[in-house]
J.: 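What follows is a structure written as structure tokens; I'll ask about it next.
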There are 2 protein chains.
Amino acid sequence: MKNKRMFWNIVEKIETLIDSGAYPPGSRLPPERELAETYLVSRPTIREAIIALEVRQRVEVKTSSGVYVLEMKGAKQDSRPCSAFELTQARALVEGEAAALAAVTITEAELAKLKLTLEAMQKGINADQADREFHIIISNATRNNAVVLAVENLWKLRDTRDEIKNAYKNVCSQSDSDRLDEHTRIYNALKNKDSQAARSAMHHHFNRLINALFAVSEAKALEEVKRKSNETRGLYSLNHLVN
Amino acid sequence: MKNKRMFWNIVEKIETLIDSGAYPPGSRLPPERELAETYLVSRPTIREAIIALEVRQRVEVKTSSGVYVLEMKGAKQDSRPCSAFELTQARALVEGEAAALAAVTITEAELAKLKLTLEAMQKGINADQADREFHIIISNATRNNAVVLAVENLWKLRDTRDEIKNAYKNVCSQSDSDRLDEHTRIYNALKNKDSQAARSAMHHHFNRLINALFAVSEAKALEEVKRKSNETRGLYSLNHLVN
DNA sequence: TGGTGCAAATTGGCAAAACCAATTAATATA
DNA sequence: TATATTAATTGGTTTTGCCAATTTGCACCA
């Protein structure tokens with residue numbers, strides 16, 4: 001993709017240099033003219049790149065003095081490490097309560113929409129999409145936007161952290177029938193306006209998920225041990241000597 | 001402050017025009033040359049402004065075609081209306097579960113820190129700060145970063161929406177002793193590692209808050225009715241005729 | 001010797017002109 | 001009428017030039 005405009009490449013390169021520590025925070029970048037020379041582009045192009053970096057809050061340009069790199073605090077958001085287990089536990093708590101709330105506020109229309117997701121999941125097409133819709137509908141049924149926000153943020157966490165995404169992918173696809181059963185049980189509790197049952201069913205749902213995650217995690221750990229063992233075996237093997 | 005560079009002014013003007021609907025989403029901005037003429041600046045300056053808008057995801061520039069304004073969905077996050085009641089209910093649910101979790105994972109050190117906040121609150125200095133610390137410590141005690149995140153996001157919601165901030169301000173300051181009692185009760189439950197009691201105490205805490213919010217809300221509604229009534233009375237009054 | 005002030009070099013800000021490449025619109029032709 | 005060709009539009013980039021603010025260094029003076 002060379003369709004990108006020239007200055008985006010410069011932005012990328014300079015940003016890489018900043019991240020690599022070549023231009024530590026507080027330091028001054030080389031003058032525009034010099035950058036233009038080193039990157040074999042004209043000065044306006046360099047200026048455009050610098051402006052892009054400035055808008056992104058990566059650098060600060062002081063007229064007649066130079067452009068200075070400033071440390072980014074935006075990355076602080078990402079820096080809260082969070083495992084799939086933690087996320088699932090949190091979802092169990094939050095969505096469990098959401099279900100309990102929704103049991104007394106959910107409408108017939110929302111129940112119908114829930115039923116549609118169950119049918120979609122049964123057919124197996126877009127099961128993950130149906131899963132998401134199921135949980136979103138319930139959070140919306142609470143009539144509490146703060147709850148909706150909390151639930152959404154946990155979904156966002158799942159979407160943004162690759163490690164979590166992979167962990168879920170391994171688990172979700174392997175036990176669709178379990179998931180469908182659990183969703184159905186949650187649906188029935190909501191239909192019966194039974195808060196306790198709804199909460200319990202939601203907890204059950206996530207509990208199974210956590211156990212599945214554990215199982216996968218264990219399996220992976222075992223595999224890792226095996227692999228390392230094999231490496232070691234290879235290291236000390238005398239197979240190449242005997243024949 | 002005319003220290004700003006020329007293109008920032010252009011960015012500001014164009015952004016205003018976009019927000020005002022003069023350039024609706026999907027529409028095309030005038031060509032660079034034309035903009036340069038109308039704003040009495042050179043083309044590079046216009047280009048810089050457009051690049052700034054592009055980095056901000058306000059416009060999209062298609063080579064040899066034009067620059068098109070695209071709708072911003074970043075502001076949609078903020079625009080989820082959410083009342084103080086909703087927030088408080090959500091906090092009750094989430095923090096209630098957090099407390100229940102924390103009851104089994106909290107350390108002696110954290111209990112000690114909690115005690116400090118109680119003492120600070122008793123002295124009355126920085127009571128709101130102590131309040132915040134109290135809740136944060138508990139969420140951290142869950143050893144679950146996803147839970148911490150959920151709690152943090154609800155605090156953020158409180159901080160960002162002025163309407164909510166004001167509602168809380170009216171309530172918090174008027175019943176410090178209640179708040180201290182409730183915090184103490186939560187603390188004791190955590191100290192006893194009693195999940196049920198911790199959840200219950202947290203719920204009780206927020207329940208009082210909701211009731212207080214309702215009371216204030218009612219009072220304000222009454223006041224409003226009175227004010228309008230007075231206005232009307234003024235409108236139809238004959239006081240100026242009789243004497 | 002040390003401090004002060006002025007001047008030159010550095011550096012970013014902006015403008016103008018010119019050319020290119022891609023897209024789009026208009027037009028002419030089959 | 002449909003299609004192909006052409007011309008105009010539009011953003012992309014470079015080059016050049018000058019300006020203003022800042023920084024730097026050196027000379028001069030105390």
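The chains referred to below are lettered A, B, ... by the order of the sequence lines, with proteins before strands, and numbering in each begins at 1.
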J.: Roughly how many Å is it from OH in A:Tyr68 to P in C:dT10, rounded to a whole number?
T.: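 Checked: the OH to P distance equals 16 Å.
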J.: For the pair B:Asp162 and B:Lys169, find out whether any cationic side-chain nitrogen is under 4.0 Å from an anionic carboxylate oxygen.
T.: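 Looking at B:Lys169 together with B:Asp162, the answer is no, because their closest N to O distance does not fall below 4.0 Å.
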J.: Is there a donor-acceptor pair under 3.5 Å between the side chain of A:Glu119 and the backbone N or O of A:Leu116?
T.: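 Checked: no pair found.
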J.: Would you find more than 12 non-hydrogen atoms of other residues, nucleotides or ligands less than 6.0 Å from B:Lys165 atom NZ?
T.: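 Check passes, neighbour count above 12.
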J.: Can you check each nucleotide of nucleotides 9-17 of chain D against protein heavy atoms at under 4.0 Å and return B for base, S for sugar-phosphate only, - for none, in 5' to 3' order?
T.: -BBBBBB-B
J.: Send over the distance from A:Glu60 CD to D:dT22 P, rounded to a whole Å.
T.: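 So the CD-P distance, A:Glu60 to D:dT22, works out to 14 Å.
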J.: Closer than 4.0 angstrom, basic N to acidic O: yes or no for B:Arg179 and B:Asp128?
T.: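 Salt bridge between B:Arg179 and B:Asp128, a charged N being under 4.0 Å from a carboxylate O: yes.
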J.: Please report, rounded to the nearest Å, how far the P atom of C:dG12 is from the CD atom of A:Glu54.
T.: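 Distance check: A:Glu54 CD to C:dG12 P gives 12 Å.
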J.: How long is the line joining CG of B:Asn9 and P of C:dG13, in whole Å?
T.: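 To the nearest whole Å, that distance equals 14 Å.
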J.: What I want to find out is whether A:Asp159 reaches A:Lys156 closely enough, with some N-O distance under 4.0 Å, to be called a salt bridge.
T.: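 Looking at A:Lys156 together with A:Asp159, the answer is no, because their closest N to O distance does not fall below 4.0 Å.
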J.: With a 4.0 Å cut-off, would you call A:Glu15 and A:Arg56 a salt bridge?
T.: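 A salt bridge links A:Glu15 with A:Arg56.
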